[in-house]
There are 2 protein chains.
Amino acid sequence: MAQKLSTPDTNQTDLDQRKASILEAVVAEHVDTAQPVGSTSVAQNAKLEVSPATVRSEMVTLERQGYLAQPHTSAGRVPTDKGYRYFVDHLKSGKLGTAKQQQLSDFFATVRGEVEDVLEQTSMMLTQLTNYTSVVLGGSSSNAPIVSVQLVNLDAHHQLLVTVFSDGTVLKHSVFVDFEAEHTDVAEASKQLNALLHGTTISDRVQVPSRQDDVATMVRESVAVLHAEQPTREGEQVFITGSSKVAESIDGVDNVRNVLALLEQELVVVSMIEEVLAEHVAVKIGSENQLEPLASCAVIVAPVTIEGETIGAVGLLGPTRIKYSELMATTRSVSEHLTKHFEGDR
Amino acid sequence: MAQKLSTPDTNQTDLDQRKASILEAVVAEHVDTAQPVGSTSVAQNAKLEVSPATVRSEMVTLERQGYLAQPHTSAGRVPTDKGYRYFVDHLKSGKLGTAKQQQLSDFFATVRGEVEDVLEQTSMMLTQLTNYTSVVLGGSSSNAPIVSVQLVNLDAHHQLLVTVFSDGTVLKHSVFVDFEAEHTDVAEASKQLNALLHGTTISDRVQVPSRQDDVATMVRESVAVLHAEQPTREGEQVFITGSSKVAESIDGVDNVRNVLALLEQELVVVSMIEEVLAEHVAVKIGSENQLEPLASCAVIVAPVTIEGETIGAVGLLGPTRIKYSELMATTRSVSEHLTKHFEGDR
DNA sequence: TCTTAGCACTCGGTAGAATTGACTGCTAGT
DNA sequence: ACTAGCAGTCAATTCTACCGAGTGCTAAGA
């Protein structure tokens, strides 16, 4: 940082051919070995026909420009977050191994059941496929229209409101009243609720009866409790699997602890992934993540869309030292399969 | 309170007063410091008026009997699982600090919402209170009678069966038919299902119509899919919180990984806890656990019962080096609060 | 017989010195 | 512009010596 003379490097996002190759070689080897990479192995490994000395001087430049870093003076180089970023941005989109491709196809060919189950199993399969923590997000039910509403008597003062959405989501809410509800009144309220809410979404406001009798009260209570549902969050379906992989892929006990603690807060995970989605980025590397604990992690995200609308997402969490090409391809492929799967349902 | 008085035991299960005190002192100090405990500190700490030399010779005996172990020749002693077991069995049931007592009361005074939410929040609060991983189990819905069944049309070939149980549990199942279902037929099937299943439990078999028309087919399908539900497992509600605490309380990366991996398998956790419940034991220590990965863990379990019937459980997972007295009291207290909470609902 | 003081012994942990080896940066020569 | 060669740096490793916590044993006292 002290002296920077001839090259105003802030903006140049392109490296010449040779530097790019060197950077790529460093990333490749470091991902593989988890060790700092020295000039000799780069000179051999990258098929540049130059001597280590030349590589060294290039590396000095790369380090000045912030793509590489040295753990200590006499060690090899390690890619910085910026280095990984360059690597990822200039990655020609990788292909998935046919074995894995097959495995994925098989999985999606045989999987069935409720949406939740499919999402959860997808997450598990992604974890199993990659050996990293996987997150699968299902869209919130706030947008789906209501297909059916039913008020069920549990006991005199306590009813259960069961709401079914067109996408198959079911929500339940307790409703309490301070009078003793008659069975017939509950049935009537149920009927009225159905008439009132059928076809609306949870964010639509509806006209409720203002009468003061028991039935009207129950209807009002029910609508209120349903609309109190947080449209963005509560309905979200989040499936996080393979948290234990964190322990083996991230190093440093503290790091592990922090990441695990973060993964326990579903809301945080959801908003993190949504944020990445919003930026239309596929990968967040290390410090690019806003969240402190993820400073040593890479997050890969792929959206699940139907007709241009994002209804979910597939995410993968690992260390920055990760096989980007392969894992991005895997994640993308899973999200595509999911998309197709749900399109087929329509 | 929950003392065990039976077990004649093959080995001599009783230690003389002095040995017991020494064992207790070793446990106490080791729990506190995580270090092997030497004869001198025991001699001082336990209010025995004997010299370290005497303590040493007693310790030799205790080691022969399997209550203590030496990490290496010139180190102090550490309690074995058997040692902890003796300690726990002879523990006079501890009291809960008033601060925590208050915190618990406050929590249960203010908590409300669906059963699931209460259970989950309870688990979170237990984690927060103890700094260990907590598990809360809600009983399966298999025993509760069905209050309402509804078949909802999602699209022509695809219906959703929504079942409400008297305890407020809601289950949903997809039903597929190979004809195009009429709305009126679905409504009729729904009505018949209600008549058929109302008041039964999931494990009751019912007489289904054998006719071949659409309505009867849907009824048959629905009943089949509902009864296919695993009575013991699927309905279980499991809430595991604070997995990240594993990383800070258990040592050895491998250990951490294994325990975390185990915690991800809800079924395994459930059956493990149910097993402990079945044995009417409050604590499982180290190798007493059947599960390999828990060899270095202690599990504390307390049942939640209503009218003598076990409807759930509260569990705590930590290292064997744990404050048994306090944590057993806490766990028991939480389970009692939960019991009271649900009794109040009835 | 039980207890205790004393003593020799064991062995993990730590601290320091020496060595190794994987790198680098620099320079001078092609 | 490239490269060979060289001196320098520093983490990691090994070795040594040593400390100290804690033991087991023994012999003497109650």
Side-chain angles (χ1 to χ4, degrees), chain A residues 1-7 15-23 25-27 29-30 32-80 83 251-252, chain B residues 15-23 25-30 32-80 83 251-252:
Chain A
M1 184 66 80
Q3 83 260 53
K4 193 179 297 175
L5 347 155
S6 47
T7 40
L15 302 173
D16 64 60
Q17 186 54 42
R18 200 167 62 185
K19 287 198 187 60
S21 299
I22 291 177
L23 176 54
V26 171
V27 169
E29 187 170 334
H30 182 254
D32 209 53
T33 63
Q35 299 291 329
V37 182
S39 55
T40 328
S41 59
V42 170
Q44 288 175 344
N45 209 324
K47 52 214 163 185
L48 301 168
E49 306 271 319
V50 290
S51 77
T54 312
V55 173
R56 279 205 287 280
S57 72
E58 294 283 47
M59 279 166 123
V60 170
T61 320
L62 282 168
E63 184 168 2
R64 281 219 189 87
Q65 294 177 312
Y67 295 100
L68 294 178
Q70 256 181 318
H72 56 86
T73 324
S74 70
R77 303 304 209 288
V78 162
T80 60
D251 32 34
Chain B
L15 301 173
D16 63 60
Q17 185 54 43
R18 199 167 64 185
K19 288 199 186 59
S21 299
I22 291 176
L23 175 55
V26 171
V27 169
E29 186 169 335
H30 181 255
D32 210 53
T33 63
Q35 299 290 331
V37 182
S39 55
T40 327
S41 59
V42 170
Q44 288 174 345
N45 210 324
K47 49 212 163 189
L48 303 167
E49 306 272 319
V50 290
S51 76
T54 312
V55 173
R56 276 203 291 278
S57 71
E58 293 284 47
M59 280 167 126
V60 170
T61 320
L62 282 168
E63 184 168 2
R64 281 220 190 84
Q65 294 177 313
Y67 294 100
L68 294 179
Q70 258 182 314
H72 56 85
T73 325
S74 71
R77 301 310 209 285
V78 161
T80 61
D251 31 35

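Every chain is numbered from 1 and lettered A, B, ... according to where its sequence line falls, protein lines coming before strand lines. Scope of the values below: all heavy atoms of this structure, side chains included, with no hydrogens, waters or symmetry mates.
Both B:Pro52 and A:Gly76 lie near DNA chain C, and the one whose nearest nucleotide falls closer to the 5' end is B:Pro52.
Put simply, CD1 on A:Ile22 and CZ on A:Arg56 are 11.5 Å apart, with the number rounded to the nearest 0.5 Å. Atoms CG and CD, on B:Leu15 and B:Gln65 in that order, are 6.0 Å from each other to the nearest 0.5 Å. Between the CD atom in A:Glu29 and the CD atom in A:Gln44 there is a gap of 9.5 Å [rounded to 0.5 Å]. Distance check: B:Met59 CE to B:Arg77 CZ gives 5.5 Å after rounding to the nearest 0.5 Å. Rounding to the nearest 0.5 Å gives a distance of 4.0 Å between CZ of B:Arg18 and CD of B:Glu58.
Computed from coordinates, the B:Ile22 CD1 to D:dT23 C1' distance equals 15 Å when rounded to whole Å. C:dT4 atom C1' lies 11 Å from atom CZ of B:Arg18, rounded to whole Å. Atom CD in B:Glu58 sits roughly 16 Å away from atom P in C:dT1 (whole-Å rounding). Taking atom CD on B:Gln17 and atom C1' on C:dC2, their separation rounds to 18 Å, with Å as the unit.
Phosphate proximity of C:dT3 to B:Thr54: absent, as no side-chain N or O sits under 4.0 Å from OP1 or OP2. Dashed line: the shortest gap from a side-chain N or O of A:Thr73 to OP1 or OP2 of C:dT24 is not under 4.0 Å. For C:dA22, neither phosphate oxygen OP1 nor OP2 lies less than 4.0 angstrom from any side-chain nitrogen or oxygen of A:Thr40.
In this structure the side chain of A:His30 never reaches within 4.5 angstrom of the side chain of A:Gln35, judged on heavy atoms. Using a 4.5 Å heavy-atom cutoff, the side chains of B:Leu23 and B:Leu68 are in contact.
Backbone-only engagement by B:Glu49 is indicated by non-hydrogen atom pairs under 4.0 Å involving sugar-phosphate atoms exclusively. A:Gln35 comes within contact range of no nucleotide atom at all, as no heavy-atom separation falls under 4.0 Å.
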Is there any protein nitrogen or oxygen under 3.5 Å from a nitrogen or oxygen in nucleotides 14-19 of chain D, and what are the pairs?
none

What do the steps show when you test B:Val78 against B:Val37 for side-chain contact (heavy atoms from CB on, under 4.5 Å), and what is the final call? CA-CA 6 Å; B:Val78 161; B:Val37 182; over 6 Å; no

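Judged by distance alone, with hydrogens and angles left aside, the side-chain atoms of B:Thr61 form a donor-acceptor pair with the main-chain N or O of B:Ser57 at under 3.5 Å.
For B:His72, the listed nucleotide lying nearest its side chain is C:dC11; candidates were C:dC11, D:dT23, D:dT3.
On a pure distance criterion of 3.5 Å, a polar donor-acceptor pair joins the side chain of A:Ser74 and the base of D:dC10.
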For every nucleotide of nucleotides 25-30 of chain C, 5' to 3': is a protein heavy atom under 4.0 Å from its base (B), only from its sugar-phosphate (S), or from neither (-)? B-----

